[in-house]
Amino acid sequence: MLLKRLGYFVPLTTVSPDIIRHICDRSDLRMPPRRALSQYDQSGSKTIHQRRIRDYVGLRLMTSVDERWLERLAEQTAQTKQELPDIINVMIEELVQRRMELPGFTYLFKLARKCRASVNDGIYKRVTSALSQEVVDRLESMLHAGGNQSGWDGLKREPKQPNVREVVDFLAHIDNMLALSTGLPQLDDIAATKREQLVLEARAMDAAEMRRMKPIKRYALMALLIQGQLQKAIDDIAEIFIKTVRSLHNGAEENPVRKTTVCWQPSPSFRSTVPAIKSSCR
(Lines give C-alpha, C1' and ligand atoms only; values in the text may rest on other atoms or scores of the structure.)
Protein backbone atom coordinates (compact mmCIF):
# COMPACT_ATOMS: atom_id res chain seq x y z
CA MET A 1 0.00 0.00 0.00
CA LEU A 2 2.79 2.45 0.94
CA LEU A 3 4.71 1.66 -2.25
CA LYS A 4 1.66 2.38 -4.42
CA ARG A 5 1.04 5.69 -2.64
CA LEU A 6 4.64 6.94 -2.41
CA GLY A 7 6.30 5.30 -5.40
CA TYR A 8 9.22 4.01 -3.31
CA PHE A 9 9.93 1.81 -0.28
CA VAL A 10 10.45 3.30 3.18
CA PRO A 11 11.88 1.66 6.34
CA LEU A 12 8.98 0.28 8.35
CA THR A 13 10.34 1.88 11.51
CA THR A 14 9.74 5.32 9.96
CA VAL A 15 6.07 4.61 9.21
CA SER A 16 3.51 6.13 11.56
CA PRO A 17 2.03 3.54 14.01
CA ASP A 18 -1.44 4.74 13.02
CA ILE A 19 -0.83 3.71 9.42
CA ILE A 20 0.55 0.32 10.46
CA ARG A 21 -2.41 -0.22 12.78
CA HIS A 22 -4.86 0.66 10.00
CA ILE A 23 -3.19 -1.80 7.57
CA CYS A 24 -3.20 -4.55 10.21
CA ASP A 25 -6.88 -3.94 11.04
CA ARG A 26 -7.89 -4.05 7.38
CA SER A 27 -5.82 -7.20 6.79
CA ASP A 28 -6.89 -8.90 10.05
CA LEU A 29 -3.29 -9.08 11.27
CA ARG A 30 -1.73 -8.59 14.67
CA MET A 31 0.09 -5.28 15.29
CA PRO A 32 3.85 -6.08 15.19
CA PRO A 33 6.06 -4.64 17.96
CA ARG A 34 8.56 -1.90 17.13
CA ARG A 35 11.48 -4.24 17.67
CA ALA A 36 10.17 -6.69 15.06
CA LEU A 37 9.91 -3.90 12.50
CA SER A 38 13.50 -2.83 13.19
CA GLN A 39 14.75 -6.39 12.78
CA TYR A 40 12.86 -6.79 9.50
CA ASP A 41 14.39 -3.57 8.08
CA GLN A 42 17.85 -5.09 8.64
CA SER A 43 17.03 -8.59 7.40
CA GLY A 44 17.73 -10.17 4.02
CA SER A 45 14.05 -11.04 3.66
CA LYS A 46 13.28 -7.37 3.10
CA THR A 47 15.21 -7.31 -0.21
CA ILE A 48 13.48 -10.48 -1.45
CA HIS A 49 10.05 -9.15 -0.50
CA GLN A 50 10.68 -5.80 -2.15
CA ARG A 51 11.67 -7.51 -5.41
CA ARG A 52 8.48 -9.60 -5.38
CA ILE A 53 6.33 -6.57 -4.58
CA ARG A 54 7.86 -4.60 -7.48
CA ASP A 55 7.03 -7.45 -9.83
CA TYR A 56 3.49 -7.60 -8.48
CA VAL A 57 2.70 -3.88 -8.86
CA GLY A 58 4.67 -3.49 -12.11
CA LEU A 59 7.51 -1.24 -10.92
CA ARG A 60 11.19 -1.49 -11.80
CA LEU A 61 14.42 -0.03 -10.49
CA MET A 62 16.34 2.54 -12.50
CA THR A 63 19.26 1.27 -14.55
CA SER A 64 22.32 3.18 -15.75
CA VAL A 65 20.48 3.77 -19.04
CA ASP A 66 17.53 5.23 -17.13
CA GLU A 67 19.86 7.48 -15.16
CA ARG A 68 21.31 8.94 -18.37
CA TRP A 69 17.79 9.42 -19.73
CA LEU A 70 16.73 11.18 -16.53
CA GLU A 71 19.73 13.51 -16.72
CA ARG A 72 18.86 14.45 -20.31
CA LEU A 73 15.29 15.09 -19.21
CA ALA A 74 16.47 17.36 -16.37
CA GLU A 75 18.70 19.33 -18.76
CA GLN A 76 15.87 19.71 -21.25
CA THR A 77 13.51 20.88 -18.49
CA ALA A 78 16.10 23.35 -17.19
CA GLN A 79 16.04 25.05 -20.60
CA THR A 80 12.58 26.45 -19.76
CA LYS A 81 12.38 26.26 -15.95
CA GLN A 82 14.54 27.92 -13.32
CA GLU A 83 13.11 26.76 -10.00
CA LEU A 84 14.42 23.42 -8.71
CA PRO A 85 10.99 22.17 -7.49
CA ASP A 86 9.62 22.64 -11.03
CA ILE A 87 12.45 20.57 -12.54
CA ILE A 88 12.07 17.87 -9.88
CA ASN A 89 8.31 17.67 -10.43
CA VAL A 90 8.81 17.05 -14.16
CA MET A 91 11.27 14.23 -13.41
CA ILE A 92 8.88 12.63 -10.91
CA GLU A 93 5.99 12.77 -13.38
CA GLU A 94 8.04 11.05 -16.08
CA LEU A 95 9.33 8.40 -13.66
CA VAL A 96 5.77 7.62 -12.58
CA GLN A 97 4.63 7.42 -16.21
CA ARG A 98 7.42 4.91 -16.94
CA ARG A 99 6.53 2.81 -13.87
CA MET A 100 9.90 3.27 -12.18
CA GLU A 101 10.51 3.21 -8.45
CA LEU A 102 11.28 6.76 -7.40
CA PRO A 103 14.88 7.42 -6.29
CA GLY A 104 15.62 9.37 -3.13
CA PHE A 105 14.79 13.08 -3.01
CA THR A 106 18.47 13.96 -2.44
CA TYR A 107 19.37 12.26 -5.73
CA LEU A 108 16.66 14.17 -7.62
CA PHE A 109 17.59 17.47 -5.95
CA LYS A 110 21.31 17.17 -6.77
CA LEU A 111 20.55 16.14 -10.35
CA ALA A 112 18.16 19.07 -10.86
CA ARG A 113 20.67 21.51 -9.37
CA LYS A 114 23.52 20.14 -11.50
CA CYS A 115 21.52 20.31 -14.74
CA ARG A 116 20.21 23.80 -13.99
CA ALA A 117 23.75 25.03 -13.33
CA SER A 118 24.95 23.45 -16.58
CA VAL A 119 22.16 25.04 -18.65
CA ASN A 120 22.55 28.44 -16.99
CA ASP A 121 26.33 28.44 -17.44
CA GLY A 122 25.78 27.68 -21.12
CA ILE A 123 23.46 30.69 -21.41
CA TYR A 124 25.88 32.96 -19.53
CA LYS A 125 28.85 31.91 -21.69
CA ARG A 126 26.87 32.29 -24.92
CA VAL A 127 25.74 35.81 -24.03
CA THR A 128 29.08 36.99 -22.62
CA SER A 129 31.11 35.65 -25.55
CA ALA A 130 29.04 37.85 -27.89
CA LEU A 131 29.89 41.07 -26.00
CA SER A 132 32.63 43.38 -27.21
CA GLN A 133 35.06 44.94 -24.76
CA GLU A 134 33.34 48.30 -25.27
CA VAL A 135 30.00 46.82 -24.17
CA VAL A 136 31.63 45.09 -21.18
CA ASP A 137 33.17 48.41 -20.05
CA ARG A 138 29.77 50.08 -20.45
CA LEU A 139 28.10 47.43 -18.29
CA GLU A 140 30.78 47.69 -15.63
CA SER A 141 30.36 51.47 -15.42
CA MET A 142 26.67 50.97 -14.63
CA LEU A 143 27.54 49.26 -11.32
CA HIS A 144 29.29 52.31 -9.89
CA ALA A 145 27.30 55.17 -8.39
CA GLY A 146 27.25 58.39 -10.34
CA GLY A 147 25.46 60.81 -8.05
CA ASN A 148 22.57 59.56 -5.93
CA GLN A 149 22.32 56.11 -7.55
CA SER A 150 24.16 53.81 -9.92
CA GLY A 151 23.12 53.28 -13.52
CA TRP A 152 22.10 49.76 -12.50
CA ASP A 153 19.55 51.08 -9.99
CA GLY A 154 18.31 53.69 -12.44
CA LEU A 155 17.70 50.95 -14.99
CA LYS A 156 14.86 49.62 -12.81
CA ARG A 157 12.90 52.85 -12.91
CA GLU A 158 9.11 52.57 -13.19
CA PRO A 159 6.81 55.24 -14.74
CA LYS A 160 5.11 57.59 -12.29
CA GLN A 161 2.00 59.74 -12.61
CA PRO A 162 1.77 60.55 -16.34
CA ASN A 163 2.14 64.33 -16.33
CA VAL A 164 4.06 66.25 -18.97
CA ARG A 165 7.30 66.40 -17.00
CA GLU A 166 7.21 62.68 -16.17
CA VAL A 167 6.57 61.72 -19.80
CA VAL A 168 9.56 63.80 -20.93
CA ASP A 169 11.79 62.26 -18.23
CA PHE A 170 10.60 58.76 -19.06
CA LEU A 171 11.29 59.28 -22.77
CA ALA A 172 14.82 60.33 -21.80
CA HIS A 173 15.04 57.14 -19.74
CA ILE A 174 14.08 55.12 -22.84
CA ASP A 175 16.72 56.96 -24.88
CA ASN A 176 19.30 55.99 -22.27
CA MET A 177 18.25 52.32 -22.40
CA LEU A 178 18.40 52.37 -26.20
CA ALA A 179 22.00 53.53 -25.91
CA LEU A 180 22.75 50.83 -23.31
CA SER A 181 21.24 48.12 -25.51
CA THR A 182 23.50 48.97 -28.44
CA GLY A 183 25.82 46.06 -29.17
CA LEU A 184 23.91 43.54 -27.06
CA PRO A 185 23.30 40.16 -28.77
CA GLN A 186 19.87 38.89 -29.77
CA LEU A 187 18.63 36.50 -27.07
CA ASP A 188 15.60 35.07 -28.85
CA ASP A 189 16.97 31.53 -28.52
CA ILE A 190 16.43 31.62 -24.74
CA ALA A 191 12.98 30.33 -23.82
CA ALA A 192 10.61 33.13 -22.78
CA THR A 193 9.87 31.53 -19.41
CA LYS A 194 13.57 31.07 -18.68
CA ARG A 195 14.39 34.62 -19.77
CA GLU A 196 11.64 36.02 -17.55
CA GLN A 197 12.94 34.13 -14.52
CA LEU A 198 16.51 35.30 -15.12
CA VAL A 199 15.31 38.89 -15.54
CA LEU A 200 13.49 38.65 -12.20
CA GLU A 201 16.69 37.37 -10.59
CA ALA A 202 18.69 40.27 -12.06
CA ARG A 203 16.08 42.80 -10.99
CA ALA A 204 16.27 41.60 -7.38
CA MET A 205 20.04 42.25 -7.21
CA ASP A 206 21.54 45.57 -6.22
CA ALA A 207 24.81 46.92 -7.64
CA ALA A 208 26.95 45.51 -4.81
CA GLU A 209 25.48 42.02 -5.25
CA MET A 210 26.07 42.19 -9.00
CA ARG A 211 29.73 43.15 -8.50
CA ARG A 212 30.23 40.05 -6.33
CA MET A 213 28.95 37.70 -9.09
CA LYS A 214 31.27 35.86 -11.43
CA PRO A 215 31.70 37.99 -14.59
CA ILE A 216 29.97 35.68 -17.09
CA LYS A 217 26.81 35.57 -14.98
CA ARG A 218 26.96 39.29 -14.20
CA TYR A 219 27.18 40.41 -17.83
CA ALA A 220 24.53 37.94 -19.00
CA LEU A 221 22.02 39.04 -16.35
CA MET A 222 22.73 42.70 -17.08
CA ALA A 223 22.16 42.19 -20.81
CA LEU A 224 18.91 40.34 -20.13
CA LEU A 225 17.64 43.02 -17.75
CA ILE A 226 18.53 45.88 -20.12
CA GLN A 227 16.60 44.27 -22.96
CA GLY A 228 13.73 43.31 -20.67
CA GLN A 229 13.45 46.79 -19.16
CA LEU A 230 13.64 48.41 -22.58
CA GLN A 231 10.74 46.30 -23.85
CA LYS A 232 8.76 47.03 -20.69
CA ALA A 233 9.47 50.78 -20.90
CA ILE A 234 8.27 50.91 -24.52
CA ASP A 235 5.09 49.09 -23.47
CA ASP A 236 4.65 51.55 -20.58
CA ILE A 237 5.04 54.66 -22.74
CA ALA A 238 2.62 53.23 -25.30
CA GLU A 239 0.09 52.64 -22.52
CA ILE A 240 0.57 56.20 -21.24
CA PHE A 241 -0.04 57.54 -24.74
CA ILE A 242 -3.21 55.43 -25.12
CA LYS A 243 -4.55 56.59 -21.75
CA THR A 244 -3.81 60.22 -22.62
CA VAL A 245 -5.62 60.00 -25.96
CA ARG A 246 -8.55 58.21 -24.29
CA SER A 247 -8.73 60.93 -21.64
CA LEU A 248 -8.81 63.64 -24.35
CA HIS A 249 -11.50 61.72 -26.22
CA ASN A 250 -13.66 61.33 -23.10
CA GLY A 251 -13.22 65.00 -22.29
CA ALA A 252 -14.38 65.97 -25.78
CA GLU A 253 -17.49 63.80 -25.42
CA GLU A 254 -18.36 65.40 -22.08
CA ASN A 255 -18.03 68.91 -23.56
CA PRO A 256 -19.32 68.61 -27.14
CA VAL A 257 -20.16 72.33 -27.50
CA ARG A 258 -16.70 73.54 -26.73
CA LYS A 259 -14.44 73.29 -29.75
CA THR A 260 -10.74 73.21 -29.14
CA THR A 261 -7.98 72.89 -31.65
CA VAL A 262 -4.92 71.19 -30.26
CA CYS A 263 -1.65 71.45 -32.14
CA TRP A 264 0.79 68.88 -30.77
CA GLN A 265 4.45 68.98 -31.69
CA PRO A 266 6.32 65.80 -30.73
CA SER A 267 9.44 66.36 -28.67
CA PRO A 268 12.86 65.28 -29.97
CA SER A 269 12.89 62.50 -27.34
CA PHE A 270 9.57 61.15 -28.61
CA ARG A 271 10.70 61.32 -32.23
CA SER A 272 13.87 59.37 -31.42
CA THR A 273 11.87 56.75 -29.53
CA VAL A 274 9.30 56.06 -32.24
CA PRO A 275 11.68 53.95 -34.39
CA ALA A 276 12.43 51.77 -31.36
CA ILE A 277 8.71 51.31 -30.71
CA LYS A 278 8.13 50.33 -34.35
CA SER A 279 11.07 47.92 -34.25
CA SER A 280 9.77 46.38 -31.04
CA CYS A 281 6.33 45.81 -32.52
CA ARG A 282 7.64 43.83 -35.49
Side-chain angles (χ1 to χ4, degrees), residues 1-16 18-20 22-23 26-27 37 40-42 44-129 186-204 213-214 216-217 220-221 224 228:
M1 179 181 290
L2 291 175
L3 176 63
K4 292 180 69 175
R5 293 292 184 183
L6 300 177
Y8 57 92
F9 289 102
V10 295
L12 293 183
T13 52
T14 64
V15 180
S16 168
D18 292 335
I19 295 177
I20 296 177
H22 172 74
I23 294 174
R26 299 290 293 179
S27 305
L37 296 177
Y40 177 78
D41 283 337
Q42 300 173 12
S45 299
K46 174 183 175 181
T47 303
I48 298 174
H49 293 162
Q50 286 183 350
R51 184 170 61 250
R52 291 177 178 174
I53 292 172
R54 286 192 200 97
D55 293 340
Y56 179 75
V57 299
L59 288 181
R60 64 184 181 87
L61 289 171
M62 288 179 56
T63 64
S64 58
V65 174
D66 296 322
E67 290 176 355
R68 290 193 293 272
W69 160 78
L70 189 63
E71 183 172 356
R72 290 195 300 271
L73 174 65
E75 288 181 350
Q76 180 182 355
T77 305
Q79 297 285 348
T80 58
K81 299 183 184 299
Q82 177 71 4
E83 299 300 326
L84 292 178
D86 294 334
I87 301 174
I88 293 172
N89 285 339
V90 171
M91 289 193 288
I92 291 176
E93 289 175 6
E94 288 296 323
L95 288 168
V96 170
Q97 287 291 329
R98 294 184 177 226
R99 302 294 296 167
M100 294 184 195
E101 182 178 337
L102 298 181
F105 177 79
T106 301
Y107 174 84
L108 294 175
F109 177 82
K110 289 182 177 179
L111 180 59
R113 184 174 59 184
K114 169 191 168 184
C115 292
R116 183 184 68 174
S118 175
V119 169
N120 287 354
D121 282 346
I123 292 174
Y124 302 151
K125 290 175 182 177
R126 190 163 69 250
V127 174
T128 304
S129 64
Q186 292 295 324
L187 306 176
D188 298 335
D189 58 326
I190 303 175
T193 52
K194 185 76 170 182
R195 187 166 60 244
E196 181 180 355
Q197 291 165 337
L198 292 174
V199 166
L200 288 175
E201 179 181 353
R203 188 177 177 80
M213 278 185 189
K214 57 183 181 180
I216 63 170
K217 181 177 182 179
L221 290 184
L224 285 165

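What's counted below: heavy atoms across the whole structure, side chains too, no hydrogens, waters or symmetry copies.
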Query - Separation of N120 CG from C115 SG (nearest 0.5 Å) - result: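 Those atoms lie 11.0 Å apart.
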Query raised in the report: When you look at T128 and K125, which way does the side-chain contact (heavy atoms from CB on, under 4.5 Å) test go after all the steps?
Result: CA-CA 5 Å; T128 304; K125 290 175 182 177; 6.0 Å; no
Query raised in the report: In Å and rounded to the nearest 0.5 Å, what is the CZ to CG distance from R203 to L221?
Result: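 Between atom CZ of R203 and atom CG of L221 there are 14.0 Å.
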Query raised in the report: So, do P103 and L108 sit near enough that their side-chain heavy atoms are less than 4.5 Å apart?
Result: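 Touching, per the 4.5 Å side-chain cut-off.
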Requested in this report: Check the pair L59, M100 against side-chain contact (heavy atoms from CB on, under 4.5 Å), reporting the backbone distance first and the verdict last.
Outcome: CA-CA 5 Å; L59 288 181; M100 294 184 195; over 6 Å; no
Report task. For the pair D41 (side chain) and P11 (backbone), establish whether a donor and an acceptor sit closer than 3.5 Å, ignoring hydrogens and angles. Result ->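 No: the side chain of D41 does not pair with the backbone of P11.
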Report task. With rounding to the nearest 0.5 Å, note down the distance linking OG in S16 to NE2 in H22. Result ->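 Those atoms lie 11.5 Å apart.
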Report task. Measure the NZ-CD1 distance between K81 and I88 for me, rounded to the nearest 0.5 Å. Result ->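 Rounded to the nearest 0.5 Å, the NZ-CD1 separation comes out at 13.0 Å.
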Query - Stepwise side-chain contact (heavy atoms from CB on, under 4.5 Å) test for R116 and L84 - result: CA-CA 8 Å; R116 183 184 68 174; L84 292 178; 3.7 Å; yes
Requested in this report: Say whether, by atom type as modelled, one donor and one acceptor occur between the side chain of R68 and the main chain of T63 under 3.5 angstrom.
Outcome: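 No, R68 side chain to T63 backbone: no donor-acceptor pair under 3.5 Å.
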Query raised in the report: Does the pair R60/D55 count as a salt bridge with the N-to-O cut at 4.0 Å?
Result: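 D55 and R60: not salt-bridged.
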Query raised in the report: CD/E83 to CG/N89 distance, rounded to the nearest 0.5 angstrom?
Result: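 Rounded to the nearest 0.5 Å, the CD-CG separation comes to 11.5 Å.
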**Report entry** Derivation of the side-chain contact (heavy atoms from CB on, under 4.5 Å) call for L102 and V96
**Finding:** CA-CA 8 Å; L102 298 181; V96 170; 4.2 Å; yes
Query raised in the report: Passes salt bridge (charged side-chain N to carboxylate O under 4.0 Å, His left out), R98 versus D66? Steps please.
Result: CA-CA 10 Å; R98 294 184 177 226; D66 296 322; 5.5 Å; no
Query - Min side-chain heavy-atom separation Q50-I53 under 4.5 Å - result: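 Result no, sub-4.5 Å side-chain heavy-atom pair not found.
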Query raised in the report: Would K194 and Q82 satisfy side-chain hydrogen bond (donor to acceptor under 3.5 Å, both in side chains), going step by step from the backbone distance to the final call?
Result: CA-CA 6 Å; K194 185 76 170 182; Q82 177 71 4; 2.7 Å; yes
Requested in this report: Tell me, please, which residues at least two apart from R113 pass salt bridge (Lys or Arg N to Asp or Glu O under 4.0 Å).
Outcome: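 Listed in chain order: nothing, the list is empty.
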Query raised in the report: Any side-chain heavy atom of V119 within less than 4.5 Å of one from Q76?
Result: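 In short, these two side chains do not touch, never coming nearer than 4.5 Å.
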Report task. Would you give the length of the straight line joining atom CG of L12 to atom CD1 of I20, rounded to the nearest 0.5 angstrom? Result ->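 Going from the CG atom of L12 to the CD1 atom of I20 covers 6.0 Å.
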Query - Sole residue of Y56, F9, Y40 in ring pair (Phe, Tyr, Trp, His ring centres under 6.0 Å) with H49 - result: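 Only one option passes, and that is Y40.
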Query raised in the report: For T193, which residues count as a side chain to side chain contact (heavy atoms under 4.5 Å, CB included) partner, sequence neighbours excluded?
Result: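 Residues passing side chain to side chain contact (heavy atoms under 4.5 Å, CB included) with T193: T80, A191.
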Query raised in the report: Taking all atoms of both residues into account, what is the closest heavy-atom pair of A74 and I87, and its distance?
Result: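 Nearest pair, atom of A74 first, then I87: O-CG2, 4.1 Å.
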**Report entry** Contact summary for R195 and L224, nearest pair of heavy atoms
**Finding:**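 Shortest heavy-atom separation between R195 and L224 comes out as CG-CD2, 3.6 Å.
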Report task. Could you check if a side-chain atom of M91 sits within less than 4.5 angstrom of a side-chain atom of T77, using non-hydrogen atoms only? Result ->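 Not in contact.
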Requested in this report: Inspect the surroundings of CD in E67 and state if more than 12 heavy atoms from other residues, nucleotides or ligands are less than 6.0 Å away.
Outcome: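 Buried by this count: over 12 neighbours within 6.0 Å.
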Query raised in the report: Between E71 and K114, is there a salt bridge with N-O shorter than 4.0 Å?
Result: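 Salt bridge between K114 and E71, a charged N being under 4.0 Å from a carboxylate O: yes.
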Query raised in the report: Is it true that K217 and D121 have a side-chain N and a carboxylate O under 4.0 angstrom from each other?
Result: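 No, no charged N to carboxylate O under 4.0 Å.
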Query raised in the report: Going by heavy atoms in the side chains, are Y107 and L70 under 4.5 Å from each other?
Result: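 Contact flag for Y107/L70 side chains = yes.
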